[in-house]
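Take a look at the structure below.
Labels below follow one simple rule: chain letters A, B, ... track the order of the sequence lines, proteins then strands, and each chain is numbered from 1.
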Number of protein chains: 2
Amino acid sequence: MITSFTEENYLKSIYHLSPDEGTAVNTNAIAESLNTKAASVTDMLKKLADKEFINYIKYQGVTLTPLGRERALNIIRKHRLWEVFLVEKLNFKWDEVHDLAEELEHIHSDLLINRLDEFLEFPKTDPHGDPIPDKNGKFNVPELIPISKLKNETLGIISGVREHSPLFLKYLEKTGLVLGQEITIKEQIEFDGSFIISIKENDIMISREVAKNLLIAI
Amino acid sequence: MITSFTEENYLKSIYHLSPDEGTAVNTNAIAESLNTKAASVTDMLKKLADKEFINYIKYQGVTLTPLGRERALNIIRKHRLWEVFLVEKLNFKWDEVHDLAEELEHIHSDLLINRLDEFLEFPKTDPHGDPIPDKNGKFNVPELIPISKLKNETLGIISGVREHSPLFLKYLEKTGLVLGQEITIKEQIEFDGSFIISIKENDIMISREVAKNLLIAI
DNA sequence: AATAATTTTTAGATTAATCTAAAAATATAA
DNA sequence: TTATATTTTTAGATTAATCTAAAAATTATT
């Protein structure tokens with residue numbers, strides 16, 4: 001079954017908005033995430049339901065069918081592998097690759113993406129630490145915890161982000177908060193929820209907002 | 001000025017159908033090359049003329065404006081660089097890359113394509129011997145001559161093809177008629193216009209049809 | 001449980017790209 | 001040079017994706 005770029009973006013959006021597999025996703029949430037209107041979403045949901053990519057009951061939101069989930073993961077796989085390519089081979093920064101990957105993810109060829117995977121030596125994560133599904137859609141969800149939930153004196157390695165905006169990523173880069181960096185949580189300031197963490201022998205302060213969006217492997 | 005995939009395919013088609021810059025291209029020729037109908041072409045020509053990519057006079061065919069030519073060459077540049085990438089880095093065969101490059105050529109980013117160009121070490125030709133325009137749209141047209149126009153005892157190097165169908169390319173590959181291969185024209189058979197050529201100490205026969213589509217640098 | 005607020009869907013348009021069929025213009029041939 | 005053939009354009013529909021405005025359904029609140 002052929003899918004248009006638009007359909008693929010809807011499937012991806014529904015996937016990303018599902019906290020777990022069974023929970024239904026709202027029309028409005030999809031509309032917001034795709035910068036479109038609820039009426040447009042309803043139209044597309046009917047179409048995706050016809051094609052058996054989603055389970056759709058009027059007014060009740062949607063869930064992905066196994067077929068829809070497979071397709072969504074295939075697109076996410078492509079997105080993340082292209083991101084690795086852009087960063088590893090073409091020297092893009094991690095804050096520059098998202099929009100390009102949004103285009104590249106829609107290139108329709110499993111052979112191409114599997115060759116790319118091989119060329120990149122089967123990376124397990126993308127430049128933001130997000131896991132890359134293998135050709136069968138399987139991937140490990142690493143157990144990452146936001147700094148905001150960690151206790152003082154915890155030692156860990158920066159391994160992912162919850163927020164992918166270029167502004168946030170550039171800030172992290174500038175501050176040395178890059179993937180793989182070891183840090184220690186020193187203390188939380190009660191007043192505003194900000195944190196003092198130590199990184200490379202220095203103590204630095206990060207806001208609660210940053211702490212919530214920086215993921216650590218312990 | 002943003003261009004849709006469709007508009008880009010029209011520009012590319014018009015470029016490829018212009019034997020030289022001044023000569024107008026017919027509506028029907030475009031329709032045939034894009035597998036569409038003349039009525040659809042007329043509609044699109046009006047649009048491209050509005051956007052100042054082409055000079056269009058009703059019933060008189062079209063030529064590219066400098067802007068249209070620039071855009072066409074930019075797409076061709078992308079197409080050919082992606083083909084090099086697919087062959088050199090992802091181990092595709094020269095008969096497998098066309099359709100993929102048709103998709104990849106529409107990725108909108110000059111930065112990406114310039115980085116790719118650099119990564120590939122600024123190739124001058126694609127896997128079929130076609131020249132790759134540089135970032136300013138400049139390229140050398142190599143002087144290539146079809147075997148069918150060469151005299152006996154001419155020695156030359158296979159450097160391009162006039163026909164890009166996978167069937168033809170696979171045949172060439174199987175027969176050892178690959179880019180860079182040195183050959184000598186031995187004789188032409190008057191009866192059917194076929195040729196006997198020598199390649200790696202062996203004499204082989206190729207049809208007139210093949211001889212017309214195999215380009216040689218002398 | 002009735003009312004208010006919110007969410008979602010329907011109805012009816014719009015735009016880009018396409019089509020078929022018919023009309024108009026151009027090119028070719030008697 | 002008139003008639004015929006071919007090419008191109010116009011007219012009017014169609015499809016995918018979108019929109020606004022209004023109606024319907026669901027959820028929240030008194």
Side-chain angles (χ1 to χ4, degrees), chain A residues 1-14 17-19 22-64 68 71-72 75 102-103 105-108, chain B residues 1-14 17-19 22-64 68 71-72 75 102-103 105-108:
Chain A
M1 173 77 73
I2 295 151
T3 39
S4 68
F5 284 24
T6 312
E7 290 168 342
E8 292 180 359
N9 285 333
Y10 273 86
L11 290 175
K12 206 171 38 134
S13 167
I14 294 165
L17 291 169
S18 305
T23 315
V25 179
N26 301 323
T27 301
N28 266 350
I30 298 168
E32 195 184 354
S33 95
L34 293 174
N35 286 305
T36 183
K37 298 296 146 81
S40 310
V41 174
T42 300
D43 288 344
M44 183 56 82
L45 294 184
K46 286 181 196 162
K47 194 174 164 194
L48 291 172
D50 277 351
K51 291 187 167 191
E52 303 190 342
F53 289 119
I54 61 172
N55 306 113
Y56 170 52
I57 307 166
K58 266 193 201 179
Y59 296 101
Q60 306 299 143
V62 296
T63 56
L64 291 171
R71 187 59 60 98
I75 301 157
E102 289 283 298
E103 286 195 65
E105 73 190 5
H106 300 294
I107 301 292
H108 284 120
Chain B
M1 173 78 72
I2 295 152
T3 39
S4 68
F5 284 25
T6 311
E7 290 169 340
E8 292 180 359
N9 285 334
Y10 273 86
L11 291 175
K12 204 171 40 134
S13 167
I14 294 166
L17 291 169
S18 304
T23 314
V25 179
N26 301 323
T27 301
N28 266 350
I30 299 168
E32 195 184 356
S33 96
L34 294 174
N35 285 304
T36 184
K37 298 295 148 78
S40 311
V41 174
T42 300
D43 287 346
M44 182 55 83
L45 294 183
K46 285 181 195 161
K47 194 175 164 194
L48 291 172
D50 277 352
K51 291 187 167 191
E52 304 190 342
F53 288 120
I54 61 172
N55 305 114
Y56 171 51
I57 306 166
K58 266 193 199 179
Y59 296 100
Q60 307 298 143
V62 296
T63 56
L64 291 172
R71 187 59 61 98
I75 300 158
E102 289 284 297
E103 285 195 64
E105 72 189 7
H106 300 294
I107 301 293
H108 285 120

* To do: Mind calculating the distance between CG (A/Asn9) and C1' (D/dT18) to the nearest angstrom?
  => 14 Å
* Please report, rounded to the nearest Å, how far the P atom of D/dT18 is from the CG atom of A/Leu48. => 11 Å
* Between D/dA16 and A/Ser4, is there an OP1 or OP2 to side-chain N/O distance shorter than 4.0 Å? -> no
* Quickly work out the B/Ile2 CD1 to C/dT15 P distance and round it to whole Å. => 17 Å
* Rounded to the Å, how far apart are A/Gln60 CD and C/dT9 C1'? -> 13 Å
* **Distance below 4.0 Å between A/Tyr10 side-chain N/O and D/dT18 OP1 or OP2** => yes
* Asked: B/Phe5 vs A/Phe5 aromatic rings, parallel, tilted or perpendicular, using cut-offs 30° and 60°?
  -> perpendicular
* Asked: What is the minimum heavy-atom distance between A/Ala72 and A/Leu64, and which atoms define it?
  -> CB-CD1, 4.3 Å
* To do: May I ask you to evaluate whether B/Tyr56 reaches the phosphate of D/dT9, defined as a side-chain N or O under 4.0 Å from OP1 or OP2?
  => yes
* Structure fact -> B/Leu48 and B/Tyr10 have their tightest heavy-atom pair at CD1-CB, 3.7 Å
* Between C1' of D/dC19 and CG of A/Asn35, the distance in whole Å -> 15 Å
* To do: Return no unless some side-chain N or O of A/Lys58 is found under 4.0 Å from OP1 or OP2 of D/dA24.
  => no
* Evaluate side chain to side chain contact (heavy atoms under 4.5 Å, CB included) for A/Ile30 paired with A/Val62, printing each intermediate quantity in order. => CA-CA 10 Å; A/Ile30 298 168; A/Val62 296; 4.1 Å; yes
* Value in whole Å for how far the C1' atom of C/dT15 lies from CG of B/Asp50 -> 15 Å
* Asked: Heavy atoms under 4.0 Å, any strand shown: does B/Phe5 hit a base, just sugar-phosphate, or nothing?
  -> nothing
* Listed in order of residue number, which residues of residues 36-43 of chain B have a non-hydrogen atom at under 4.0 Å from DNA chain C? -> B/Thr36, B/Lys37, B/Ala39, B/Ser40, B/Asp43
* To do: For B/Ile30 and D/dT7, give me the distance from atom CD1 to atom C1', rounded to whole Å.
  => 13 Å
* Sequence neighbours excluded, every pair satisfying side chain to side chain donor-acceptor pair (under 3.5 Å) that has a member inside residues 52-61 of chain A -> A/Asn55-A/Thr63
* Is any side-chain N or O of B/Lys46 closer than 4.0 Å to OP1 or OP2 of D/dT9? -> no
* Would you indicate, yes or no, if C/dT6 has its OP1 or OP2 atom less than 4.0 angstrom from a side-chain nitrogen or oxygen of A/Asn28? => no
* Asked: Checking side chain to side chain contact (heavy atoms under 4.5 Å, CB included) for the pair A/Glu105/A/Asn9: CA distance, chi angles, key distance, verdict?
  -> CA-CA 10 Å; A/Glu105 73 190 5; A/Asn9 285 333; 3.5 Å; yes
* To do: Let me know the distance between CG of A/Leu45 and C1' of C/dT9, rounded to the nearest Å.
  => 11 Å
* **Short N-O contact, A/Glu7 and A/Arg71, less than 4.0 angstrom** => no
